[in-house]
Structure formats: structure tokens, C-alpha cells
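The block underneath contains the structure these notes are about, expressed in C-alpha cells.
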Amino acid sequence: MNIDFLAHPAEEVAPKLLGSVLTCKTPEGTVRIAITETEAYSGTADPASHAYRGRTPRNAVMFGPAGHLYVYRSHGLHWCANIVTGTDGIASAVLIRAGRVIEGEDLARKRRGERVENPRLARGPGNFCQALGITAEHNGADLLTGTSVMLSEGESVPAALIQVGPRVGVSKAHDWQHRFYLAGDPTVSAYRLSPRAKPPAGA
């Protein structure tokens with residue numbers, strides 16, 4: 001994996017990240033997860049993006065450079081991980097929504113709960129981070145040259161398996177076709193329309 005792979009708009013990078021692997025090393029051990037579901041967020045041009053209203057201390061990592069991890073707290077409960085893409089200075093990031101644990105299953109299950117079934121260990125952005133061990137301390141981490149959390153190439157994904165649809169749970173620009181996932185993969189989260197989402201004008 002290199003910077004050239006990520007130095008493109010989020011909606012172009014998001015489908016290409018399917019099959020890639022995120023690795024996180026902590027004192028507890030190492031967990032590796034193959035990505036099966038992503039969502040693109042296009043910065044100041046995207047009403048659903050954290051960067052829509054401009055740069056702030058919270059979203060500064062989104063503005064580049066590409067290849068870093070943007071971590072935020074969702075609803076005060078769960079950590080969510082985004083891979084920064086695009087050009088330095090222009091906000092662009094891909095939310096990692098789900099994945100398949102390929103190493104460190106016992107540790108991932110310890111974090112998620114002993115009764116959690118394999119496909120659900122990293123299904124959903126909060127669960128993905130919990131299984132992997134991602135927290136606020138990883139915000140801004142360099143995924144390409146770092147040693148604690150890393151992004152690497154995985155198995156090649158046939159284009160025919162990549163499905164596209166609207167993003168999950170957002171109230172603005174919810175109908176944008178910026179969600180990418182592997183067809184029929186049991187780790188992919190179910191689509192859910194936000195109860196706060198408004199129908200398109202004229203609908």
C-alpha cells in the first residue's frame with residue numbers, strides 16, 4: 001500500500017479499499033481485519049461529512065495528508081475509524097464500516113464479548129474499532145509507515161462482488177451512493193435509514 005493508492009477522492013478510493021487489511025498492535029496482542037464495507041465522505045462538498053463546515057480541531061486530520069487515520073467518537077459511545085484520502089489540504093475520508101477478522105480472533109472476541117458470532121465481531125464501524133483495538137490515541141496515526149496501526153493490501157476483490165448503495169444512518173445526503181460493500185458477505189452491516197433523514201425535494 002502506498003500514498004498514490006490513497007491520493008484520490010474518497011468515492012474513488014472507498015471501493016478499492018475492500019479486501020485491504022487494517023492491523024492494530026497493542027500490548028494485548030495483534031488483530032488484523034480485512035475490510036468488507038466502506039463509506040466515502042467528500043469533505044466540504046458533502047453535507048454528511050464532519051468537514052462540511054470547514055476545518056476544526058476535531059476534524060483537522062481529515063484535511064490531509066492521505067494515509068492517516070481519523071478517529072472520532074460516535075454518539076459518545078463508540079470509536080469510528082476513517083482512512084484519510086485525497087490531496088493534502090482538502091478534506092476527504094473513507095469510513096470503515098465492517099470487516100472480517102483474519103488474525104487475533106480470540107482477542108477480538110474478548111473485546112467484543114464471548115458470545116458474539118464470528119461475522120459480527122467487526123460488523124458496524126463501532127464494533128470494527130472495538131475488535132481491532134482502535135481508540136482516540138490512534139487519531140492521526142500514519143497507516144503507511146506506522147508500527148501500531150497499519151494498512152496493507154489484501155486479497156484481490158473481483159469487481160463483480162462490489163455493491164454500491166446509500167450510506168447508513170446519516171440524516172443528510174443519505175441517498176448519495178457512497179457506500180461500498182462485498183455482495184453476500186455475512187460481515188457487512190444491514191442498511192438502515194436514519195429516522196432523521198428527510199425525503200428528497202418533490203418526493
Side-chain angles (χ1 to χ4, degrees), residues 1 10-11 13-26 28-41 48 69-83 85 93-136 138 141 143 148-170 174 176-195 197:
M1 189 69 67
E11 60 271 24
V13 178
K16 296 178 182 179
L17 282 171
L18 297 175
S20 299
V21 176
L22 269 175
T23 301
C24 186
K25 297 181 179 180
T26 69
E28 294 179 290
T30 298
V31 174
R32 300 176 70 233
I33 302 179
I35 298 169
T36 60
E37 182 183 8
T38 61
E39 282 182 347
Y41 288 87
L69 199 66
Y70 168 50
V71 180
Y72 69 88
R73 194 80 150 172
S74 176
H75 304 296
L77 298 173
H78 309 291
W79 297 112
C80 295
N82 302 255
I83 296 173
T85 66
V94 176
L95 172 67
I96 308 304
R97 283 203 55 84
R100 181 178 64 259
V101 178
I102 58 177
E103 182 182 332
E105 183 180 303
D106 289 344
L107 177 54
R109 179 168 283 104
K110 178 182 176 182
R111 290 167 173 165
R112 288 277 292 115
E114 295 298 331
R115 296 185 179 182
V116 176
E117 300 173 351
N118 285 12
R120 296 176 53 231
L121 286 174
R123 181 195 293 167
N127 294 334
F128 186 99
C129 283
Q130 186 176 9
L132 195 59
I134 294 294
T135 65
H138 297 105
L143 297 172
S148 62
V149 57
M150 297 150 283
L151 177 67
S152 59
E153 295 182 9
E155 296 182 3
S156 178
V157 173
L161 288 182
I162 299 177
Q163 298 291 300
V164 183
R167 294 180 291 199
V168 178
V170 296
H174 58 86
W176 287 23
Q177 302 293 296
H178 278 191
R179 175 181 173 235
F180 305 88
Y181 57 97
L182 298 184
D185 194 297
T187 66
V188 172
S189 58
Y191 175 72
R192 177 178 58 83
L193 177 66
S194 169

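Each residue takes its place number in the sequence, starting with 1. The model shown is predicted, which means the values in this text are computed figures rather than measured ones.
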Item to check | Minimum side-chain heavy-atom gap Ser152-Val21 below 4.5 Å | outcome: yes
Item to check | Test item: Arg111 side-chain N/O and Leu132 main-chain N/O as donor-acceptor pair under 3.5 Å | outcome: yes
Checklist entry - Any donor and acceptor pair, going by atom type alone, linking the side chain of Thr38 with main-chain N or O of Ala14 inside 3.5 Å? => result yes
Checklist entry - Who passes side chain to side chain contact (heavy atoms under 4.5 Å, CB included) against Asn127, sequence neighbours left out? => result Arg112, Gln130
Next on the checklist: Counting C-beta onward and ignoring hydrogens, is there a side-chain heavy-atom pair between Gln177 and Pro166 closer than 4.5 Å?
Outcome noted: yes
Item to check | Spacing of Ile35 atom CD1 and Ile83 atom CD1 [to the nearest 0.5 Å] | outcome: 4.5 Å
Checklist entry - Does the side chain to side chain contact (heavy atoms under 4.5 Å, CB included) test come out yes or no for Glu37 and Thr187, once each step is laid out? => result CA-CA 8 Å; Glu37 182 183 8; Thr187 66; over 6 Å; no
Checklist entry - Would you find a donor on one side and an acceptor on the other, under 3.5 Å apart, between the side chain of Arg97 and the backbone of Phe180? => result no
Checklist entry - Roughly how far apart are Cys80 SG and Glu39 CD, rounded to 0.5 Å? => result 10.0 Å
Checklist entry - Are side-chain heavy atoms of Pro186 and Glu117 found at a separation under 4.5 Å? => result no
Next on the checklist: Before you tell me yes or no, could you show the steps for Leu22 and Phe128 under side chain to side chain contact (heavy atoms under 4.5 Å, CB included), namely the whole-Å CA-CA distance, both residues' side-chain angles and the distance that decides it to 0.1 Å?
Outcome noted: CA-CA 10 Å; Leu22 269 175; Phe128 186 99; 3.8 Å; yes
Checklist outcome for this item: Those residues at least two apart in sequence (or on a different chain) that pass side chain to side chain contact (heavy atoms under 4.5 Å, CB included) with Thr30 are Thr23, Lys25, Arg32, Glu103
